[in-house]
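Note that the structure is a prediction, hence the values are computed from the model and not measured. All ligand and atom numbering here is 1-based and tracks the order in the structure.
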Amino acid sequence: MTNFKLGLDFAKQLDKNDSLASFRHQFHIPKDQHGNDVIYLCGNSLGLQPKITKDYINQELEDWANLGVEGHTEGKNPWLHYHEFLTETMANIVGAKSSEVVVMNSLTANLHFMMVSFYQPTPKRYKILIEADAFPSDKYAVESQLRHHGFDDKEGLILWKAREGEELANYDDLEAILKEQGDEIALIMIGGVNYYTGQFFDLKRITELGHKHGCVVGFDCAHGAGNVALNLHDSGADFAVWCSYKYLNSGPGSLSGAFVHNRHANRKDLNRFTGWWSHNKQTRFKMRDEFDQLPGAEGWQLSNPPILSMAAIRASLDVFKDAGFENLLHKSKQLTGYFEFLINKLNHSDIKIITPSNPSERGCQLSIQVKNANRSLHDKLTEAGVISDWREPDVIRCAPVPLYNSFEDVYNMVERLKDIL
Ligand SMILES: *Cc1c(COP(=O)(O)O)cnc(C)c1O
């Protein structure tokens, strides 16, 4: 790790030495009212648009215009197989085998579809454990699964809470919960990287712990995919889901990814919802055959997918492939380390970073708590051209993204924060 220094010259030096610096020019950077690039630190919420995305989508619009239904087989990128163009790069980014990954549906929908298979409660083992500050959609989803199976959504939900006066969840507490109630827990469902604190959980450790107690373990990696090395296969997790519009830059509401560990690839005993896209590709269009389950994650698909959205994902994944995910992770550690250094150098008694300081326990996001602050701080930052994200009661979340953020962005953000404080 670099020994960081103060001052704009040092930020410029870091940018000069950054072999990924040119990737910024492959993105559309929003402008402020004076026509200058904003300091965009919201890639954890909606990633920016790669310039090639338009071409990728236009290609499919043209094939549709020129070929109509024939585009399914005769298009430049035949639609029938389109999701397969995404699989390998996506699998690489989340650390999985190709057969374990599929792009389909939207995120919360996939979470439900995974729970149809992997939340199989019995009268004795029916509880679901989530982290206390889980993303609201995930909490609502698991609560509704409890109700769907006839259980009480309060009694059946166990929260892994941070200790009094602390922000981060502690593994000893998880062990204690499992020791005490492990045989009542059917499913552990954790946000791989917590959206609020930025804490990157040890997926393998949680999975091993859960499995030891007979629980199924799944992760929502919406804040992890494209941001950290998830190593989903090696983690041993039963399933995972994530979206493609945050760090994966694929456009608002774009499709989700799903991972199913290959030890479940051919299980016929798993309950699941199916559709014609879960059926054997060779005989799918004979339309009369008995249902024949596709093996692997693809077997969880239901519908023929929206190609225009997939084209945007394909464009974004091609940018990732060009940059190299390992290179991005390396820059990310530098960029966020530098950000942390500058914030700490402010030496301001009201400011505290609640994200773990250990780089292996976080991604690029820093969640900065500002005591006695309110939303007006965030609004002033926005006026000063810094796009960040405010979470009640007192946290600014900032995510410098290695693909399109510069060290100078980080420097300028902290300067503006300093002025406002
Ligand atoms: C962003 C995010 C969501 C959003 O769900 P959608 O179904 O895509 O609207 C859900 N869960 C987590 C953990 C998220 O970070």
Which pairs, with at least one residue in residues 98-124 and sequence neighbours excluded, count as a salt bridge (charged side-chain N to carboxylate O under 4.0 Å, His left out)?
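Checked against salt bridge (charged side-chain N to carboxylate O under 4.0 Å, His left out) - neighbours excluded - the pairs reaching residues 98-124 are K124-D183.
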
Does F407 offer a backbone N or O that forms a donor-acceptor pair with the side chain of D15 under 3.5 Å?
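Looks like yes, one N/O pair under 3.5 Å.
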
Suppose we screen for salt bridge (Lys or Arg N to Asp or Glu O under 4.0 Å). Which residues come up paired with E88, at least two apart in sequence or across chains?
none

With Y171, which residues qualify under ring pair (Phe, Tyr, Trp, His ring centres under 6.0 Å), at least two apart?
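Partners of Y171 under the ring pair (Phe, Tyr, Trp, His ring centres under 6.0 Å) test: W160.
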
Do I188 and L209 come close enough that some side-chain heavy atom pair is under 4.5 Å?
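Not in contact.
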
D394 vs V370 side-chain heavy atoms within contact, under 4.5 Å:
no

Please tabulate, line by line, the atom pairs linking an N/O of ligand 1 to a protein N/O at a distance below 3.5 Å, with the distance in Å to 0.1, or answer 'none'.
| residue | atom | partner | partner atom | Å |
| --- | --- | --- | --- | --- |
| ligand 1 | 5 (O) | T108 | OG1 | 3.3 |
| ligand 1 | 7 (O) | T108 | N | 2.9 |
| ligand 1 | 7 (O) | T108 | OG1 | 2.6 |
| ligand 1 | 8 (O) | Y245 | OH | 2.5 |
| ligand 1 | 11 (N) | D138 | OD1 | 2.7 |
| ligand 1 | 11 (N) | D220 | OD2 | 3.2 |
| ligand 1 | 15 (O) | H223 | NE2 | 3.2 |
| ligand 1 | 15 (O) | K246 | NZ | 2.5 |

